[in-house]
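The structure appears below as structure tokens.
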Amino acid sequence: MLKILENIFKNATSKPYTSNYPFTPYQHFPGTRADVTWDGTKCTLCGLCQRVCPAECIVVHKEETKIEYMNTQCIRCGYCVRVCPTNAISQNEVYTKPSREKLTVFTLITNEDAPIIKKRRAEAAKKAAEGQPGETKKE
Amino acid sequence: MRTTIQFGPQHPVWIEPLRLKLIMDGEIVKDAELEAGYVHKGLEKKFEWDYNKGAYLSERVCAICTQHHSTCFCLAVEGTMNLEIPRRAQIIRTIMLELERLHSHFLAIGLTLESIGFENLFMLCFRNREIVLDVFERTTGNRILHGINIVGGVTRNIGPEMGKEILDFCDEIEKRSRDLEKMIVNSYTIRQRMQGVGIMSEKLAKDLCVVGPVARGSNVPYDVRAAAPYLMYKEVKVTPIIEKDGDCWARSIVRVRELYQSIDLIRQLVPMLEGTPDEIFAKPKSMPEGESFARVEPPRGELFYYVRGQKSIKLDRVKIRTSTYANGPGIIPLIKGSHLADVGLITITFDPCIGCFDR
């Protein structure tokens, strides 16, 4: 009897164990593996992340210098982060909210050292170098 | 008059689909038929790809014992490559395995209590399980699908601060489990409901080759951690916990006593991290070649992975024998002759994981 009274008193005075969810959002611990983002200034478009991804949620578009990341398909394993040679991929600690539509994120790569961008720049420079003398000859 | 009752595939006792066709004579079950295969995913075929991705895939076989599945797969693949993983990685893997046993047993005890109508105690069990999941989130980064096991080691280290946190957690969880044990084990009602129901004799257990707490509840001291030690269990000795009665109560008491065993093992393992070199990953030098197998002891019983490599990054064949697959045939003889009201209780004390069962 005494024990029951003690328990009743303890439970009546203590705080509720559950959190007030929609008003106080759930706080993840530091180091949580969540969404993946690309750093456009570091990526070299090597395509290693596309090859290792177990969920096949990364598509590297080399021609358009873009990376397609299907957020809702990703399993947050962190394999791409581990494998990236230039540390361009980082994993943040915030989850995307659930949604009805498929969420796809595109990242435009602007790295000067990326082989494709380098090649294009060289080609453009070559064209410009060839084009100008050609024009002068015609005239 | 005989009537046939379809027990499942959707039944509140189980979370996952499993069908029992019961032929009844009044309240007594005369005959039973088990049908599984509702969640067959064809994962064994999918395993014939890159072995590095296989570690992530193996976690998806069963959502409760994810760490055990990926550890077993990695051990089998490392066996084909003759790869020795660093000592620190072994310790971290073993700590994670024991933490997972804690949260799985809390789930199993909670579901057993819920099936006999004690929903409050089920919630208390899940409240305790939540702090185990918090430790997982702090150490590995995820609550259920940890993804820290890879072929050759682990991806995340446990530093001295985290080690201290885990030891503090051990004190907290032991205090809470003692409270819970007092409530459950000393309760007259629960004991009366579960004692003498679904008795599996020692001979039957040996005949059907059941594993895990089901076997240990029937006085069969079989535990892979003691019978064929792997990882750190070679140094940390485990004695199998056995109960003699073989009924639902004995099977549940084995789980309750294993909680304290796991806490004790974690307390022995965490100080071992001190002084070991910070190396947690050994790069594989060769491709998987030949065949190998590994056995581990998940919370539900023995788990077996067979791997055959073909000297390329892709594996040739992976065969999984899960614990529920071994325990499944044991359900039928126990149900025969029992009351309809006991069917749910008997099956839930086997802790069935249908995701494992069908793969």
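The analysis underlying the following values was restricted to heavy atoms, covering all of them including side chains, and did not include hydrogens, waters or symmetry mates. Residue numbering restarts at 1 for every chain, and letters A, B, ... go by the order of the sequence lines. Because the structure is a prediction, the values reported are computed rather than measured.
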Heavy-atom closest contact (B:E137 atom, A:H28 atom, distance):
OE2-ND1, 2.9 Å
Scored by heavy-atom pairs under 4.5 Å with chain A, the best of B:L145, B:D134, B:T140 is B:D134
Tell me if the CD atom of B:E279 is crowded by more than 12 foreign heavy atoms within 6.0 Å.
no
Does B:R191 have more than 12 heavy atoms from other residues, nucleotides or ligands lying within 6.0 Å of its CZ?
yes
What residue in A:G78, A:C53, A:A34 has the most heavy-atom pairs under 4.5 Å with chain B?
A:C53
With a strict 4.5 Å heavy-atom criterion, list every residue of residues 53-75 of chain B that contacts chain A, or say none.
B:K53, B:Y56, B:R60
For B:T155, is it the side chain, the backbone, both or neither that has a heavy atom under 4.5 Å from a heavy atom of chain A?
side chain
Reported CZ-to-CZ distance for the pair B:R138 and A:F29, which is rounded to 0.5 angstrom
4.5 Å
Quick one: does B:R156's side chain have a donor or acceptor within less than 3.5 Å of a partner on A:G31's backbone?
yes
A:E123 atom CD, over 12 foreign heavy atoms within 6.0 Å:
yes
Taking atom CD1 of A:I4 as the centre, report whether more than 12 heavy atoms of other residues, nucleotides or ligands fall under 6.0 Å from it.
no
Using only atom types and a distance under 3.5 Å, with no angle test, would you say the side chain of B:R127 pairs donor to acceptor with the backbone of A:T18?
no
Counting only heavy atoms from other residues, nucleotides and ligands, does the tally under 6.0 Å from NZ of B:K41 exceed 12?
yes
Take a 6.0 Å sphere around NZ of B:K164 and say whether it holds more than 12 heavy atoms from other residues, nucleotides or ligands.
no
Quick check: are there more than 12 heavy atoms from other residues, nucleotides or ligands sitting under 6.0 Å from CZ of A:R82?
yes
